Amino acid sequence: MPKRRYLVTSGLPYSNGRLHVGHVAGAYLPADTYVRFLRARGHDALFVCGSDDNGVASLISARKEGIPVEELTAKYNARQAEDFKGLGIRFDIFGGTHQPGFTDLHNRLSQEMFTTIHDKGYFTKKTTKQLYDVEAGQFLPDRYVKGTCYHKLPDGSVCGYTEAYGDQCESCGHAIDPIELIEPTSTITGTKPEPRETTHWYLRLDAFEKQLQEWLEGKREAANGDPAWRETVLNFTLGQVRQGLPERAMTRDLDWGVPVPLDDPDAAGKMLYVWFDAPIGYVSFTAAYCQQTGGDWAGYKNWWKDPDTRLVHFIGEDNTVFHALIWPAMLMAEGTYQLPRTVVANSFLNIKVEGQEEQKISKSRGMAIWVEEYLKNLEPDPLRYYLTAISPETSRTAFDIDDFIARNNGELLNALGNFVNRTITFTRKHFEGAVPEPGERSQADQDHLDFIAAQKEKITLSLDACRFKAALAELMALARAGNGYLDLKKPWTQRKEDMAACGTTMNIGIQTVRALAVLMAPFMPFSAEKIAGMLNLESEDGVLPWDDATSELGAGHPLAEAEILFRKLDASELFGAD
RNA sequence: GGCGGCGUAGCUCAGUUGGUUAGAGCGAUGGACUCAUAACCCAUAGGUCAGUGGUUCAACUCCACUCGCCGCUACCA
């Protein structure tokens, strides 16, 4: 297999809060698993992420917490970085669009892209009326305006719902133009905003409709080693294209962000739209990485402008429109960058606790499992395992605490952990702490070895296709088969009758343990590392070469003492409210 | 209203171009074993694949409609 070069990104987390399990399951854990898999197969991979610090949401949060926005984003950037580290999600670089050491490069690259697109004529300059909060001194995004719904119902009356937000009325369901709201109120200050004129630059997405459509249509099938895109992403984006793509404003009236780099009085005091600069974060963090490791930030071009680099974005479903339509359109407009090869979008994760209905994860209602809290008491691998097992790849799924406990105890502990433990323990005890001679293999022995190879192949295919849940199920099938094999061969009986036959069984048992260690490493790196320790395997920076799953550990290879991989969990001792 | 998705065993879900008796895990029942974190293994039970109609030699799989649930509808990210 030829060595390939990958640039993998995870959607930038917004640096105005902590991370919960839904974030992890969406854009971060699958990406980390994928990168570990690529490296195990010998490919080059650069894994890039960082926080999204700009935009109005962090300003609002900073106001709420009563601290400067720089302080707020720095605080959450650091805490999120810790969370990722604790979970074994290992980015090569974790930057931030407004963090010290990153801002200069980020602003520069963002402004360059804006300028290039502007000079190529893909922006339209337009002046519109928007609501302005005089007290806060800022224009209000739709969502931050509240008022009475003006929408006329079929019977001729007016909806009149008084709690309607500026984007949509929850009572009649109609989309709202905030300018039309009756008695509008700013949700920031509670004052009445006034309409003011403002000028912005709109990206002409319509100019790229055809190009986007052809590009997306080409993603239905796997090609050139790139997987087929998920149907959910294609259905959504192609549906949008079919309906026609409107112009979208790429600038905002704000004082926090990347300044609009135009020599135009109308651009004074304006910033780039946060969704314009956020994906450029992937580029600027790459540049920062190049600067930190090789001294030359311009090295980012070797990743971003080289057609041999495969750019893969992992995101949550809410980011689909930005990563699969707007961002590619920006890249098409700019003209010198490579387009994403793959955009992997996961759906949201709901949460379910005993006695209650499944519901959305919610900060305000305390319905969330925070990574920080989890890591205080528990090991990362069970969470990595569970979140992959219930990965919302095709539709929403729910984090169910009872289910988490049941899977930890029944699958990780009883099936996988116990198999590793019984195999190592028995072999050490009866074969002087080393791998026994393979001896003569029966049909059953060969069948089991064939099964290992078959599972490795299935897992490889599934991971290549970014089907993490399916790959993990095949891994568990191998652990179960290991248990079945031992029960079939009964080495505890063989030991008394035919020591050589017993040695053959345990030799194959050890080969199975080794295969498990290699194949589970992308999913559960900490546990894989423990098994590697028991088997005295060489691993380079935590990477176990993928093909070692089916290469045999020789007779006489020493074994270390068995170590408990997973411990039994009880729901009552975990996950206190909030 | 428009776009999209979902509805498969008691529970959670898989079913990759339509093709033989529809699968897995958990749970339940019965049996076996004792190397192991009282774990593991084997067997059995259980489904009119939401419903109706259609295309086809053949449909869980394609088409139409019905019922139920959900998401999105774009300057909040």
Side-chain angles (χ1 to χ4, degrees), chain A residues 11-14 16 52 54-58 60 128 130 139-144 154 165-168 173-175 178 187 200 202-203 205 221-222 228 231-232 234-236 238-240 242-243 245-253 273-276 278 316-322 325-326 347-348 350 352 389-390 394-398 400 402-403 406-407 409-415 417-427 429-430 461-462 465 467 469-470 473 476-477 480 482-495 502 505-506 509 562 564-568:
Chain A
L12 305 188
Y14 215 65
N16 70 338
D52 179 4
N54 294 324
V56 74
S58 50
I60 308 269
T128 59
Q130 288 187 15
F139 282 93
L140 294 169
D142 294 352
R143 193 58 186 277
Y144 294 101
Y165 282 91
D167 50 355
Q168 185 172 17
H174 198 263
T187 62
H200 287 292
Y202 293 72
L203 179 63
L205 289 171
E221 308 284 337
E231 281 188 40
T232 47
L234 292 174
N235 286 341
F236 174 73
L238 283 166
Q240 297 287 312
R242 234 176 286 120
Q243 287 176 38
L245 301 174
E247 300 180 329
R248 287 187 62 142
M250 290 294 141
T251 54
R252 289 288 185 279
D253 291 292
Y273 174 38
V274 65
W275 265 111
F276 185 90
E317 66 179 348
D318 52 335
N319 282 351
T320 303
V321 70
F322 301 105
L325 289 172
I326 298 176
S347 192
F348 283 135
N350 286 345
K352 168 106 176 60
I390 62 162
T394 54
S395 62
R396 286 196 175 193
T397 56
D400 180 331
D402 291 330
D403 189 39
R407 281 173 178 272
N409 295 346
E411 299 177 9
L412 287 184
L413 196 145
N414 293 348
N418 184 239
F419 170 69
V420 172
N421 187 251
R422 69 196 290 209
T423 304
I424 302 272
T425 305
F426 189 95
T427 308
K429 190 167 171 186
H430 300 294
L461 288 174
S462 288
R467 294 163 51 123
K469 202 197 293 201
M476 280 312 301
R480 292 201 173 86
N483 281 318
Y485 172 75
L486 289 189
D487 279 64
L488 176 73
K489 296 296 296 287
K490 302 192 194 323
W492 47 92
T493 304
Q494 286 181 309
R495 182 174 69 83
C502 181
T505 299
M506 295 322 293
I564 294 297
L565 288 177
F566 306 103
R567 69 181 179 92
K568 186 156 277 187

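Below, all heavy atoms of this structure are taken into account, side chains as well, without hydrogens, waters or symmetry copies. Bear in mind the structure is a predicted one, so any value in this text is a computation, not a measurement. The sequence lines fix the lettering, A, B, ..., with proteins before strands; numbering per chain opens at 1.
- In terms of phosphate contacts, A/Ser462 brings no side-chain nitrogen or oxygen within less than 4.0 Å of OP1 or OP2 of B/U16.
- Contacts of A/Glu231 with the nucleic acid, taken as non-hydrogen atoms under 4.0 Å apart, are absent.
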Tell me, with the steps shown, if A/Leu205 and A/Leu325 meet side chain to side chain contact (heavy atoms under 4.5 Å, CB included). CA-CA 8 Å; A/Leu205 289 171; A/Leu325 289 172; 5.9 Å; no
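- Applying the 4.0 Å criterion to OP1 and OP2 of B/A39, one finds that A/Lys568 has a side-chain N or O inside that range.
- For the residue pair A/Glu317 and A/Thr232, no side-chain donor N or O sits within less than 3.5 Å of a side-chain acceptor on the partner.
- Mapping A/Ala415 and A/Arg422 onto RNA chain B via the closest heavy atom, the residue that lands nearer the 5' end is A/Arg422.
- Where A/Lys490 and A/Gln130 meet RNA chain B, the nucleotide closest to each residue was compared, and A/Lys490 sits on the side nearer the 5' end.
- Looking at heavy atoms from C-beta onward, A/Arg407 lies out of side-chain contact with A/Met476 at the 4.5 angstrom threshold.
- In this structure, A/Leu412 atom CG and B/C40 atom P are separated by 13 Å, rounded to whole Å.
- With centres under 5.5 Å and a plane angle under 30° as the test, the ring of A/Phe426 is not stacked against the base of B/C35.
- For B/A39, neither phosphate oxygen OP1 nor OP2 lies less than 4.0 angstrom from any side-chain nitrogen or oxygen of A/Asn483.
- Among the atoms of the strands shown, base atoms are found under 4.0 Å from some heavy atom of A/Ala249.
- At the heavy-atom level, A/Asn414 lies under 4.0 Å from the strands shown only through sugar-phosphate atoms.
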